[in-house]
Structure formats: structure tokens, C-alpha cells
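A, B, ... follow the sequence lines: proteins, then strands. Residue 1 opens every chain. Predicted, not measured: the structure shown is a model, and the values here were computed from it. All values below were derived from every heavy atom in this structure, side-chain atoms included, with hydrogens, water molecules and symmetry-related copies excluded.
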Amino acid sequence: MAAAGHVNIPETWWKHEMFTPKCTCLDNELIIKSGEDHRNHFRSFIKKKWRYGLVDESMWLFRRNPFQNVISWTAAISGLLSNGMHLKSIELFLEMLSYGVMPNNVTFVSVVRACAEMTDFALGMSVLSLVVKLGFEYDVSLCNSLITFSLRLGKMEMARRVFEQMEKRDVISWTVILDLYVEMGNLQEARKVFDEMPERNEVSWSAMISRYTQIGDSKDAIELFCQMIENGIKPNSSCLASAINALANLKSLQPGKTIHAHVIKIGLANDVFISSSLIDLYGSCGRPKDGRLVFDMVQNKNAVCWNTMISTYSSSGHLEEAKKLFDQIPMKSIGSWNSMVSGYLENDQYNKVFEVFNDMLLSGQKPDVSTLSSVLCACANLTSLEKGKDIHGKTFKLGFQHDVFVGTSLVDMYAKSGDIDNSKRVFNKMTEKNEVSWTAMIQGLAENGFAEESLELFQEMEKTTRIKPNELILLAILFACSHCGLVDRGLHYFNVMEPFYNIKPNERHYTCVVDMLSRSGRVSEAEDLIKSMLCEPEVNAWAALLSGCKTYGEDDIAERTAAKIQELAGKKTGGYVLLSNVFASAGKWPEVVKTRKLMKERGLKKSGGCSWIEVRNESNLFYSQDGSCNDLNEICGVLEQLKYHMLVLFENN
DNA sequence: CAGTAGTTCT
């Protein structure tokens, strides 16, 4: 055991703290006192350096370690790996081989993981051949990492084969194979594996629970969590984080509080994973202040903690708090920027979206797919073609031109801005299209008045892809039929929605069809339809019906509809607005004033109209009945001047 | 005896 003796070391580094206090040095020779084992001293010293992520220092020490063997090499390889330097770790492995040091099973576990991280299948295969050559192919942990490797590379068959040929399997093997079925989208089979596992530990339980949470089956996740507790398994921090996450999805505040209390009791209140989930829980339950209390208690906040708190503030509308916190983040990650960008987007503050986006670019942070999608969505909402085109250019510079999310956002942006040609161009160039991409294009065509094309594209989608139409696509199709006057075809789609496409028509679908029937003069059919609805009709549906009545002189129905609208007016903002419009169109001005007054008394606010113009790439917004525009006085002054000049010109001519 | 494989947060 004792590594006593003399070891040659260079002069430059013998004074290093690594050697004190157990070693002395004389004439460039490390004198190791007999009876003391320095090997472990060295190793634990280097290990600590690796754990702190001090790569250069760790490598410096590794190079000078007088006790080099397979273990120190393996430690260095895995140290590089856990610090994200995958290629370097492979290079070190090759160097090790060139020195004639024989790798063992543990070495291969790290090397296989490096191959997985680099998603390099060929490299993995050559490592595998070496594994077989040296006879490690029956090692349990090595097989486990081989299964993980195959899974990451999408080689499901291979993963299964490795699992099946194993002579011995442990908990980890079974837990890994759970993920095989999850990756294939077969959670039932995963559950079967879980139920049939010969052995389960807290990790297997949390794997299953987290999978249910991720898929959105929060109820099943919680059920499993309860079963786990009943089985006497102590949940670890990852398990608790998953459970809290599930409760956040379900917005179950009370059970969440119970777990929170438990977390404090067992001393895990400082865990960043748990705390982030708790912040999210309180945020989802509409308690951002309680989330803030949790946030303030966390000692070592990581990026996720900060970003979760910001998202919590912005999703509950506290954008000033969000921005204040954002400005305090010591190290802003891409996620921090994205949560601020999407916060403003969610709250319809599109100018702020661009402000933060510009700050982001100025700070040197490269945007990612999610940033660009959010910013493009802001462009779409502002119908700001100039800005949208600018972002389109940036997607090329950043190399995202083939990304399906960015492409879809571009299609939508161009369509919403009315530039349907560019929208189609982007769509046709996309190498990968998903359900959302098709939805955006079909919707874009329908809403821009290209109803025929929209219907054609829908048929193309049904013919060439396996994508099933969703609620929004069908809405667009009904809209297209309505605006093309293809009433029977529209009715056909409406009637087959539920039996054929398995989609229950919602209020918006009904409104579309009512509108379609009313426009084409089939007013009484429209009335029958609206009366047959199981859900509450939208105010717009009544409005469409009324407008049809007026066009086609259906006075009886008009009277009934107007009465209905009056009745509805008490309940909804839109009802009052509609009512006052009905009165207005009938010329009953005193009634209009009365209705508006009633709205004001009841504190109902009509969402304000807003117009804008783009001047020198900057949007200027103008709100109705509201002098909130900063330069309003100046603008009015200029208008007066213009008017004066016009009058002068007019008189001179 | 050391070096390793599976699960957690926006």
C-alpha cells in the first residue's frame, strides 16, 4: 500500500500544495515517507479540482502525477467529460492507448458516454469493437452505458439487443430501458416495464414520475408519487421536484404547500431544483409573492431559479417586477433573455420585445430559435413587415434558416403582415414541416382571402402527410369556405369534424358556420344552428346572424336576435358594444349613449382600438380616446400646419 | 480502496 520511495519530479512544481504536508523534496526528488499512502492523497486532491471545474489546473496536476495508472487516466478522461470537453476526453483516451496503458471497464464507461455526448455513432462502434476485443462486453455498467448510447443516437433496436443479451441486469439497466419505450412514445409499455421490474429504487420511481409529468399526465404522476410513498420509498430531491412540477401543472396549491412544508422539514429547502419547481407552483397558482419568498430563501440561485421567477412575474402581469429582477441577474443566460422576451410578448408589449431583443444583441448574446420565434411573433402581431424582414435576414446570419420553428414563425409573420407571397415562399422552402407549419400556412391563406388555395393546401396536407387536422386548421377551412361562398362544402367539413376528424366543434367553429349561413341568406338555418349549440355561443355569432337578417330582410329573426343580444349584454363586455352598435345602425342614438353610459357605470371597458405607423423602422402607436402618445401635441401642431398649407394651395389654384 | 452507468427545475 505504501508508495514509499523516490519519485523524479521537475523542479518547477514540487512546492505545490499537493505535496504538503506529507512530502518533502530534496534535489528535485520527491521523498515519500515510508508507511504513508500518497496515492489517495493525490487522487482526492485532483478529484476536488475536477469537481470545481478547474480544468486547466486539474490537467496540470494530472500531467505531473507520479502515480500514473489506469485509474488516474480514467479520472482525467471523465473529468474532461463532465466539464463538457468531449473531444478532449477522447483525445486523452487515445493518448492513453498510445502509452500502452490498458483501459478497463470503468474507462470504457466514460469513453462510451463521450461518444454519446458527441452523437458520433461511428466512433462509438469502434470503441465497441475494442470493448469486445478486450472482453468487457458482459460488464453490467458498461452495457448500461451502451444502452444509453444507443438510445441517444436513436438506435432503438440496438438498445434492445444489448439489454436482451445481458446475462445480469441491475436496477440501472431496467431504469435505462424504461426510457427506450418513453423515447418511442410508448408510455404504456414503459409503465409495463416499470411494473415488472424485479427491483426498483428511488431513481426508477422518479424516472417514471417525471416522464408522466413531462408528457402532461400530471394526475398519473401524482398517483405514482403517492404509491411510492406508500411503498416506503423515500423521495429524493429529483422526485420531489417532479411531483411539485406535476402539482404546478394541476394548479393544486394545497397539496403543493404540504410538500413544501415537508421539503423544509427534511432540510431540502435550499435545493435549486425543488425551489425552481416551487416558484413555478406558486406562480401557476397565481401567487407570485409566495414564489418570491421561496426565491429569496435560495442561497445559491442558478439561472433556472432566476428565469423561473421572471416568468412567474411576467405571466401574472407584473412586468415591472420582472424587469427589475432581470436587471439584477448576475450572469444572464440565453434563458434569462428569452423569459424576458416572451414575458413582454405574452403581455402584448411588442415594442418592449424589440427593446429587450436589441439589448440582447448589444450584450453579445446570440439569440436562439426560441428568441427568434418570439420576436417574429411580435412582428406578426404588429404586422410590422420591415422588422420581420430584418429578423428574416438575421435567421440566415445565425444559421437557423432550416429550423422548423423559425420557418413556421416566418410563414405566420409574413401571412399576418399580408405578404402572402413571401409567406408561401418560406413555406415551400422549408425542409421540415410540422403540424403548426401547415396550420400557419392554411390559416394565412384563408385569412388573406386566398380561400381556394387554402382548401387546396389542406387537401395536399391530407394526401401527402400523416398530419391530422387540428381545431385551428378546421377553423381556417370553415373560414375559407365561408368567404368563398362554398356553403355546402363548409357544411360538409363542419358535419364530419366530430365523426371523421374526432374534433368537437367549439364556439368559434359555430360562429364561422353561422356567419357562412347568414351571409348566403340561409338565415333560419343559421338561427337553428345557434340554438342547437351545447356550448355558449359567442357574441359574434349573434352579430353575424343579425347582420344576415338585415341583408336578407328577415325581420322576425332580427327581432328575436336583438332581444337575445340585449339579454346577453348584461353579462359580457362584447354584448354591450354589440348592443350599442345595433342601436347605432338603427339610428337610435339616445339608446347608444345610454348603453355606453351603462358600460361605464358597470366598469366594463372595451379593449381600446389601436393604430400605428412605421417611421424609420420604428412603430408609433396611437390609442383611441387616449392621449397616451407622447408627441400628440406636436403631431396635432404639424397637422394644423399641413391643413393651413393645403388651404393656401387650394385658394391659389 | 480509487475512476463509472440511470432520474430533477423555465
Side-chain angles (χ1 to χ4, degrees), chain A residues 1 37 39-44 46-47 50 62 67 69-79 81-82 103-114 116 136 139-149 151-152 162 169-180 182 194 197 200-211 213-214 221 235-246 248 268 271-281 283-284 291 294 298 301-315 333-340 342-343 370:
Chain A
M1 207 40 52
D37 187 359
R39 244 171 247 191
N40 289 337
H41 178 67
F42 268 72
R43 281 184 200 127
S44 67
I46 301 183
K47 195 175 158 188
W50 277 120
F62 165 73
F67 310 111
N69 65 0
V70 59
I71 292 167
S72 57
W73 280 93
T74 305
I77 290 169
S78 83
L81 196 59
S82 52
N104 63 13
N105 52 341
V106 182
T107 320
F108 277 119
V109 167
S110 291
V111 175
V112 169
R113 207 185 114 207
F136 291 121
D139 184 86
V140 179
S141 30
L142 187 45
C143 284
N144 291 343
S145 45
L146 277 172
I147 298 173
T148 307
F149 167 79
L151 229 57
R152 294 270 152 81
V162 176
R169 300 180 188 109
D170 62 4
V171 205
I172 298 177
S173 325
W174 284 99
T175 311
V176 175
I177 215 71
L178 263 185
D179 260 357
L180 174 84
V182 173
F194 178 78
M197 276 165 77
R200 270 172 286 186
N201 63 10
E202 75 281 3
V203 178
S204 336
W205 281 93
S206 27
M208 202 62 220
I209 292 170
S210 72
R211 296 284 102 111
T213 310
Q214 280 160 6
N236 61 12
S237 72
S238 53
C239 210
L240 288 164
S242 292
I244 296 167
N245 205 9
L268 281 177
D271 185 285
V272 278
F273 284 98
I274 291 181
S275 301
S276 302
S277 302
L278 279 171
I279 296 169
D280 186 41
L281 168 83
S284 322
V294 176
V298 186
K301 300 176 184 62
N302 66 5
V304 179
C305 274
W306 284 94
N307 302 344
T308 309
M309 194 63 233
I310 288 172
S311 303
T312 294
Y313 273 138
S314 48
S315 61
S333 67
I334 177 82
S336 322
W337 290 100
N338 284 347
S339 52
M340 207 59 232
S342 55
S370 148

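- The side chain of A:I71 sits closest to B:dG3 out of B:dT8, B:dT10, B:dG3.
- Remark: A:R113 is not in phosphate contact with B:dG6, judged by side-chain N or O atoms under 4.0 Å from OP1 or OP2.
- Among the nucleotides B:dG3, B:dT7, B:dT10, the one closest to the side chain of A:N307 is B:dT10.
- Remark: P of B:dT7 and CD1 of A:I209 are 15 Å apart, rounded to the nearest angstrom.
- When rounded to the nearest whole Å, the span between CG of A:N69 and P of B:dC1 equals 15 Å.
- Ring-plane geometry between A:F136 and A:F108 is classed as tilted, the angle between the planes lying from 30 to 60 degrees on a 0 to 90 degree scale.
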| Stepwise side chain to side chain donor-acceptor pair (under 3.5 Å) test for A:N245 and A:S242 | CA-CA 5 Å; A:N245 205 9; A:S242 292; 6.0 Å; no
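- With hydrogens and angles left out, the side chain of A:D179 and the base of B:dG6 share no donor-acceptor pair within 3.5 Å.
- Checking B:dG6, B:dT10, B:dT7 against every side-chain atom of A:R211, the shortest atom distance belongs to B:dT7.
- With B:dG3, B:dT10, B:dT8 as the choices, the nucleotide that has an atom nearest any side-chain atom of A:N104 turns out to be B:dG3.
- Going from atom OG of A:S72 over to atom CD1 of A:I77 covers 9.5 Å, rounded to the nearest 0.5 Å.
- Between A:S78 and B:dT4, a side-chain N or O to OP1/OP2 separation shorter than 4.0 Å is present.
- Of the candidate nucleotides B:dA5, B:dT10, B:dG3, B:dA5 has the atom nearest to the side chain of A:I172.
- The side chain of A:S242 sits closest to B:dT8 out of B:dT7, B:dT8, B:dG3.
- In this structure, A:F149 atom CZ and B:dT4 atom P are separated by 20 Å, rounded to whole Å.
- In terms of phosphate contacts, A:N245 brings a side-chain nitrogen or oxygen within less than 4.0 Å of OP1 or OP2 of B:dT10.
- Nearest approach of A:S204 to A:V171, heavy atoms of both residues: OG-CG1, 3.6 Å.
- Closest non-hydrogen pair, A:S206 versus A:N236, comes out as OG-OD1, 4.0 Å.
- Residue-to-nucleotide contacts include a donor-acceptor pair under 3.5 Å from the side chain of A:S206 to the base of B:dT7.
- Among B:dG3, B:dT7, B:dA5, the nucleotide with an atom closest to any side-chain atom of A:T74 is B:dG3.
- Rounded to whole angstrom, the span from the CD1 atom of A:I46 across to the P atom of B:dG3 amounts to 11 Å.
- Side chain A:S238 to base B:dT7: a donor-acceptor pair is found below 3.5 Å.
- An OP1 or OP2 oxygen of B:dG6 is reached within less than 4.0 angstrom by no side-chain nitrogen or oxygen of A:N144.
- Listed pair A:S210 / B:dT7 fails the phosphate criterion, with no side-chain N or O lying under 4.0 Å from OP1 or OP2.
- At B:dT7, none of the side-chain N or O atoms of A:Q214 fall inside 4.0 Å of OP1 or OP2 (strictly under the cut-off).
- The separation between A:F62 atom CZ and B:dG3 atom C1' is 12 Å, rounded to whole Å.
- Listed candidates were B:dG6, B:dC9, B:dT7. Nearest to the side chain of A:V304 is B:dC9.
- Taking every side-chain heavy atom of A:V106 into account, B:dG3 is the closest of B:dG3, B:dT10, B:dG6.
- B:dT8 has its base stacked against the ring of A:F273, the centroids being under 5.5 angstrom apart at an interplanar angle below 30°.
- Among the heavy atoms of the strands, none lies under 4.0 Å from A:D271.
- Judged by the 6.0 Å distance and 45° axis criteria, A:R113 is not positioned over the aromatic ring of A:F149.
- Residues satisfying the side chain to side chain donor-acceptor pair (under 3.5 Å) criterion with A:Q214, sequence neighbours excluded, are A:R211.
- Listed pair A:K47 / B:dG3 meets the phosphate criterion, a side-chain N or O lying under 4.0 Å from OP1 or OP2.
- Residue A:S237 is in base contact, counting any heavy-atom pair closer than 4.0 Å across all strands shown.
- One atom, CG of A:N236, and another, P of B:dC9, lie 12 Å apart when rounded to the nearest Å.
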